Structures are given as structure tokens and as C-alpha cells.
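Chain naming here is simple, since letters A, B, ... match the order of the sequence lines and numbering starts at 1 in each. From a predicted model like this one, the values you see are computed outputs, not experimental measurements.
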Number of protein chains: 2
Amino acid sequence: MNPDILTVVSVDVLLLRYDRPTGRVLLHLDRRALDPYAGRLALPGVAARTGERLASAADRACRKVEGTPRALGQLRTFDEPSRDPRGASLSIAMWAVLAPDEPASGAVPIAGVPPLPFDHDIIVATCRPMLAALLWRDVTFTRALTGDVFTSSDAVVLARELTGRDPHRANLNREVGAVPGLVADGTAPTAGGRPPKQWRWTDADA
Amino acid sequence: MNPDILTVVSVDVLLLRYDRPTGRVLLHLDRRALDPYAGRLALPGVAARTGERLASAADRACRKVEGTPRALGQLRTFDEPSRDPRGASLSIAMWAVLAPDEPASGAVPIAGVPPLPFDHDIIVATCRPMLAALLWRDVTFTRALTGDVFTSSDAVVLARELTGRDPHRANLNREVGAVPGLVADGTAPTAGGRPPKQWRWTDADA
DNA sequence: ACAAAAGTGTTTTTTATACACCCATGG
DNA sequence: CCATGGGTGTATAAAAAACACTTTTGT
């Protein structure tokens, strides 16, 4: 087969996790071991293997950093030929979500991502609004982010972190209540003022 | 470099054209010259060359069929490994739009696409709603489809063909009037009943 | 009793959808 | 002057956004 048509496809992952204690959505970055950009933080990425599914490649990329994601999805493809100094490649950006509450290493708040190598700044800038659009609308994404139970206060944080704007509590509560598979489940044992409402995902699936 | 990471990336194009005379949106298909599926109609596609931009690959694919498209965009990636009997490959689906009113060869109305080889049925089914969502919202896509001037009746046809449902004229006229860069420009010289309103794209760009 | 944190009811705005009726042309 | 095809105004419904006020807890 003509070698001219063989392409390097890298799968770069926006690996998110809701960090409840600090009230941030973290983007997990990978401290690169190898050149180019050795030592720099970058989106975790791998070169897709021949015949490998995108989800599998994304999973490998995540494993380099923190572990197996609870959910995965496709965002879009970046094709700028000069994006990688080693040579032309395509990059398929994917999102992935880790279970909440685990320790983080090279994680930064998604609201304050430092300059990244390759075209990763462009990827993050392009994809952040796409992630915000998934919240409350894509149940898989949302459930992975929130975990099985979460409070209205968590919802406020998640919305603020992804959209960059403060949601109105009244409207947000209604929006959350309208998400299929979510039911109110009493109030949460929180310190401070009035305890927030708790939401729990129904359905048998994990 | 590890050959295991070299992938065949095919760019498959949903190549559209508004056929004013028949009032249809046509999907241009390619009669395959080579196996697999020689002789069958399929989405025009090419294998992306190393370092080639997606738009360039899509352009090559279009040229196999009808000519240079006026606009191009990305839809999504399909990664089912068995999609091509020759071996695993990725397929990046793109849209492209040809200038209206030219002759068609292997074109079929988008509302009645016959069974296609590879995973092209899945691609078409997945992407049709995405195309419908572009109409009136993505000016590049819309302008390429309509051409520089078009009538409200054309707008009705385009909306019907892409969404599959009849739009309400009153609402559609308002929607079209709200598209940035479009201005009303008298009425069109049409036979039959009352002459329809004409719309013209402003701005200096082609 | 007060401050902090959250909840809920109501209004306003915007968008989408639907309906009804009027207008321009050709035979 | 009527059939055909199109236009526009208005009404209704649904969704989004904003506002105001009340409730629950800890101190």
C-alpha cells in the first residue's frame, strides 16, 4: 500500500475531574517524559494504533496520567500540519471524565490552564465551549462528572467552571431536575448554612 | 518510527448541491472504479496523504466527482475497525457544497439515498441532522448552498430537504431575514403565482 | 437573633411554533 | 375574477433568563 497515505493520528484527551473539596473542575495534564517538550505539561495523548478504536486510544492516554475514565467522547479533529514538530499528524480531541474525589497530580483548574505545547492551547480553547454544552445535556458526561450523588451546590460549581459564568441557582435547580435519570434525594450533610438538596442518579447502570 | 502507529485516514465527503430546477438537495455519489465495491455508488472519499489538510483531502475527493466545492467543513470521525474490508481505517466525514445549478451525474436526492457500501449508510444517517443544523446558522454552508441570490421558495425547499419536514413560510422568512449578511432584494421573476421575495448576500467576499 | 447558604415562586424576555388573512401574478 | 403561490401580522407555547423573597442551618 502506498506509504504516502499513512498518517500519524494522535488522540489528545481533555481529561476532566470534578474536585469537590476545592470546588474546581480539573484538567489533568501529562508531564511529558520525552522530547519534544520534555518536562512540559501537555494534554495526555497517544498515537492511535492501527485498527485501534478512538475510545481505546483515549483510554490509554488517560492511563498515562491518572487511571481509567468513566466516560469518553469525541470532540473534533485538528489538522494543522505544523502542530507537531516531529512531523505532520492529525489530532483527534476527545473528552474523558475521571471519578470525582481522587488525588490529582498534574491537574490544573480548567478555568486557568497554563500555556501548553503543540497546538494544545487551541484545542483547549476550542473545546471548552463544547464541554460546557455537554453539561446537563449529555447524561453520560454529566453523570461521570458528578458521580452518583451530588448536591445543588456541586451543580453550581460545575456550571460555573465549565461555562465561565455564574449560574442562577433557581434556574439551575430546575435544569438539573429536568435531566433524565436524576431524582432529588433529601438534603446533604454540609457544614455552614442551609443544607443543599441532594441529587441521585437512578437506573441500574453504573 | 513505529509502523504500528500509522493509520489510514479516509476523508469521506457529503457533497451537496442545491438543484434548483428539480427542487432537491442532491448528494453526489461516486461510482467506484476499483474494488472493493467496484461499480457501486459510495460517498466520494480519498485517503488523506501524510501532512495533508482535511480540507485538501476533501477537495480531492470532490474533484473525483464533480468539481471544486465552494465550502467545506468537518462533521465527525467514524472509527469502526471493520468499516473497510481492506483493513482498519478511520473515516473523517466532511461536508462540502457545490455551486448550484450545474449538471449532476451520480447524484441522488438526500431524502432518498440508496444503500451504500462501507459504513456510509451510518455516516449519512448520522450526519444528515448535523447538516440540517447548519442551515441558516452556518453562513458559509448556507451561502454555498443557496448561491449569491435565491428566493424564499428556494429557502422552503432547502429547509424541507435537509430537515425532512415542511417549514412554515412565515417563520422561515423571518429566520432567513435574521441571517447575518442576507438582505431582501426585490422579487424574483418566476412563473406562476405571486413572485417570491429575493435574498442577496452582502459583504465583499465571494 | 443574625449571618450564611439554599430553596422556591413569579415575572420578564426570547425563541419557536402555529394560525389567519391579505397580496401579486397569470390565465 | 379566480386559482395559484407568496407575504405578513398576530397569537400561542415553550424555553431561558432574571428577580424577589423565604427557609434552614450554625453560631
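Separating the CZ atom of B:R169 from the C1' atom of C:dT17 is a distance of 17 Å, rounded to the nearest angstrom. With rounding to whole Å, B:L172 atom CG is found 17 Å from C:dT15 atom P. Whole-Å rounding puts the A:E175 CD to D:dA17 P distance at 8 Å. If you take CZ of A:R194 and P of C:dA6, they are 10 Å apart, rounded to a whole angstrom. Distance B:H168 NE2 to D:dG5 C1': 17 Å, rounded to the nearest Å. Residue A:N173 contributes atom CG, which lies 12 Å from atom C1' of C:dA5 at whole-angstrom precision. As a whole-Å value, the separation of B:Q198 CD from D:dG7 P is 11 Å. Per the geometry, CG belonging to A:D166 stands 14 Å off P belonging to D:dA17, to the nearest Å.
Within 3.5 Å, a donor on the side chain of A:R174 pairs with an acceptor on the base of C:dT10, or the reverse. Residue side chain A:N171 reaches the base of D:dA18 through a donor-acceptor N/O pair under 3.5 Å, judged by distance alone.
Taking the six-membered ring where the residue is Trp, A:F150 and A:W201 present tilted rings, their angle falling between 30° and 60°.
By the 4.0 Å N-to-carboxylate-O rule, B:D19 lies too far from B:R24 to be salt-bridged with it. Looking at A:R200 and A:D148, no side-chain N of the basic residue comes within less than 4.0 Å of a carboxylate O on the acidic one, giving no salt bridge. No salt bridge links A:D138 with A:R143; every basic N to acidic carboxylate O contact stays at or beyond 4.0 Å.
The residue among B:G193 and B:A170 whose nearest nucleotide of DNA chain D lies closer to the 5′ end is B:G193.
Contact annotation: A:S152 reaches the phosphate of C:dG7 (side-chain N/O to OP1 or OP2, under 4.0 Å).
Counting only heavy atoms from C-beta on, B:K197 has its side chain closest to D:dT8 among D:dT8, D:dT24, C:dA6.
Cation-pi contact between A:R76 and A:F78: present, with separation from the ring centre below 6.0 Å and deviation from the ring axis of at most 45°.
Here B:T187 lies out of heavy-atom contact (under 4.0 Å) with every strand.
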